[in-house]
Every structure is written in structure tokens, then in C-alpha cells.
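A short worksheet on the structure shown next.
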Amino acid sequence: MHRHQYKGRKLGREAGPRKALLKNLISQIILHEKVTTTLEKAKESRPILEKLITKAIRGTLSDRRNVEKFLSFNNKAAEKLFLEIGALYKDRKGGYTRIIKLPNRAGDNAKMAVISLLDTEKLTKKAVLEGKNKIKKDKVKSTNKITEKVKTDKKTVKKVDTKKIKPATKGDK
């Protein structure tokens with residue numbers, strides 16, 4: 001028997017569980033940017049994920065609704081897809097994912113693979129830089145306040161910022 005003109009893999013499941021599996025796998029790829037799974041599942045999820053990313057790049061209201069409908073159970077994945085991943089790939093025409101084959105799984109000898117998004121180190125670098133900038137801003141705000149005057153009931157007392165005072169060491173007496 002030949003497989004000509006049969007599209008898609010059944011993945012050993014009925015239609016409903018198969019759709020749920022692919023939706024869950026795709027949302028995990030979006031959230032974690034890399035997932036280890038079987039080669040067949042990776043190959044089956046790739047075209048769906050690529051189409052979702054293309055819709056995120058276009059970003060029309062219709063595209064947003066279609067993506068949110070597909071990822072209806074996972075709003076964080078849809079949000080990340082539009083805010084971060086769509087912006088990351090706006091200059092790329094396609095080919096947003098990579099499938100790398102791994103050795104077969106020990107238990108059942110299944111072919112394994114890693115499916116990952118390309119250029120995600122830019123996402124993490126961007127997030128790290130934003131986090132560092134936020135920390136620097138907080139430090140600048142706190143170091144500018146060396147001393148401040150505190151009013152009590154009848155007198156004004158000068159309060160010293162404790163961050164600037166060095167703790168006493170054994171040599172200091």
C-alpha cells in the first residue's frame with residue numbers, strides 16, 4: 001500500500017487528542033523556545049508554528065484572533081508570540097524554526113529531535129539588558145539619596161543613608 005496523497009501524521013492518536021497534542025507542543029515551543037520531542041511530532045508541528053509566527057509578524061486583528069483561537073488555552077504563549085517573537089522575526093521571510101536530530105530514546109528506540117526557534121539568544125539578551133537597565137536605574141535612584149532630613153514632633157533630625165556607611169571591622173576600635 002502506498003502513502004501517496006495522504007497528508008499529515010496520525011501520531012498514534014484520534015483527531016481530537018492529536019490536535020490537543022500539537023497545540024500544547026506548539027505553545028511550549030513558543031514559551032520555552034526549545035523543546036525535545038520525537039522527530040515525527042517535531043516535523044508535524046513545524047509548519048503550523050511557522051504559519052502562526054507569520055501571522056504574528058503581520059499582526060492584523062484577524063491574525064491576532066486566529067492565533068488566540070488556536071492557542072486559546074494559553075494566553076501567555078499568544079502574548080509572547082505577538083510581542084516578542086513577531087518583533088524578532090519581522091525582517092525574516094520564513095524559516096523561523098530548526099529541527100536537530102538526537103540519538104534514539106533508550107526505552108522504545110524512538111527517533112528524537114530538538115525543535116527550536118532561531119535567533120532566540122537575541123530575545124534573551126534583550127530581556128537581560130532590559131533587566132540590567134532596570135537594576136541600574138534603581139541603584140542610581142537609591143545612591144542619590146545620601147542624607148535626608150526627617151521631621152519629628154519638635155525637632156528636625158538628620159537621617160543618614162545606611163547604604164553608604166561601612167560596617168565596622170576588627171581593626172576599627
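Along the sequence shown, the residues carry numbers beginning at 1. Here the structure is a predicted model, which is why all the values come from computation and not from measurement.
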Query raised in the report: For R58, what residues pass the side chain to side chain donor-acceptor pair (under 3.5 Å) criterion, not counting sequence neighbours?
Result: D63
Query raised in the report: Same cluster or not: are I48 and L118 linked, directly or through other Ile, Leu, Val, Met, Phe, Trp or Tyr residues, by side-chain heavy atoms under 4.5 angstrom apart?
Result: yes
Report task. Would you kindly check if the NZ (Lys) or CZ (Arg) of K23 is within the cone defined by 45 degrees around the ring axis of F70 and under 6.0 Å from the six-membered ring centre? Result -> yes
Query raised in the report: Has the side chain of E50 got a donor or acceptor atom that lies under 3.5 Å from a matching backbone atom of Y96?
Result: yes
Query raised in the report: Taking everything shown except E14 itself, do over 12 heavy atoms lie less than 6.0 Å from its CD?
Result: no
Query raised in the report: Below 4.5 Å, heavy atoms only, C-beta onward: do I53 and L81 meet side chain to side chain?
Result: yes
**Report entry** Contact summary for A78 and E68, nearest pair of heavy atoms
**Finding:** CB-CG, 4.1 Å
Requested in this report: Please tell me if the side chains of K34 and L117 come closer than 4.5 Å, counting only heavy atoms from C-beta onward.
Outcome: no
Requested in this report: Using distance alone, with no hydrogens and no angle criterion, decide if E33 and S116 have a side-chain donor and acceptor under 3.5 Å apart.
Outcome: no
Requested in this report: Indicate, with yes or no, if V35 and M112 share a hydrophobic cluster defined by side-chain heavy-atom contacts under 4.5 Å among Ile, Leu, Val, Met, Phe, Trp and Tyr.
Outcome: no
Report summary line: Separation between CG (D108) and OG1 (T38), nearest 0.5 Å, reads 9.0 Å
Query raised in the report: From E121 CD over to L88 CG, what is the distance, rounded to the nearest 0.5 angstrom?
Result: 8.5 Å
Report task. Answer yes or no: does atom CZ of R65 have more than 12 heavy-atom neighbours from other residues, nucleotides or ligands under 6.0 Å? Result -> no
Query raised in the report: Going from NZ on K55 to CG on L52, what distance comes out if it is rounded to the nearest 0.5 angstrom?
Result: 6.5 Å
Query - Qualifying residues under salt bridge (charged side-chain N to carboxylate O under 4.0 Å, His left out), relative to R13, sequence neighbours excluded - result: none
Query - Taking every non-hydrogen atom, the tightest pair across D119 and R92 - result: OD2-NH2, 2.7 Å
Query raised in the report: Side chains of I99 and K43: does their closest heavy-atom pair fall under 4.5 Å?
Result: yes
**Report entry** Side chain to side chain, I30 and K76, heavy atoms closer than 4.5 Å
**Finding:** no
**Report entry** R18 side chain near K10 side chain, heavy-atom distance below 4.5 Å
**Finding:** yes
Query raised in the report: How far apart are the closest heavy atoms of L71 and S27, and which atoms are they?
Result: CD2-CB, 4.0 Å
**Report entry** Heavy-atom pair of closest approach, residues I57 and K90
**Finding:** CG2-CA, 4.0 Å
Query raised in the report: Looking only at heavy atoms, which two atoms of I29 and S45 are closest? And how far apart?
Result: CD1-OG, 4.2 Å
Requested in this report: With the side chain counted from C-beta on, respond yes when I115 and R98 share a heavy-atom pair under 4.5 Å apart, and no when they do not.
Outcome: no
Query - P47 to E44 - nearest heavy-atom pair and separation - result: CD-O, 3.6 Å
Query raised in the report: Thinking salt bridges, do E40 and R9 make one under a 4.0 Å N-O criterion?
Result: no
Report summary line: Rounded to the nearest 0.5 Å, the CD atom of E84 sits from the NZ atom of K122 at a distance of 14.5 Å
Query raised in the report: Does one hydrophobic cluster hold both L49 and L39, with members joined at side-chain heavy-atom distances below 4.5 Å?
Result: yes
Query raised in the report: Heavy-atom distance under 4.5 Å between the side chains of L31 and N74, does that happen here?
Result: yes
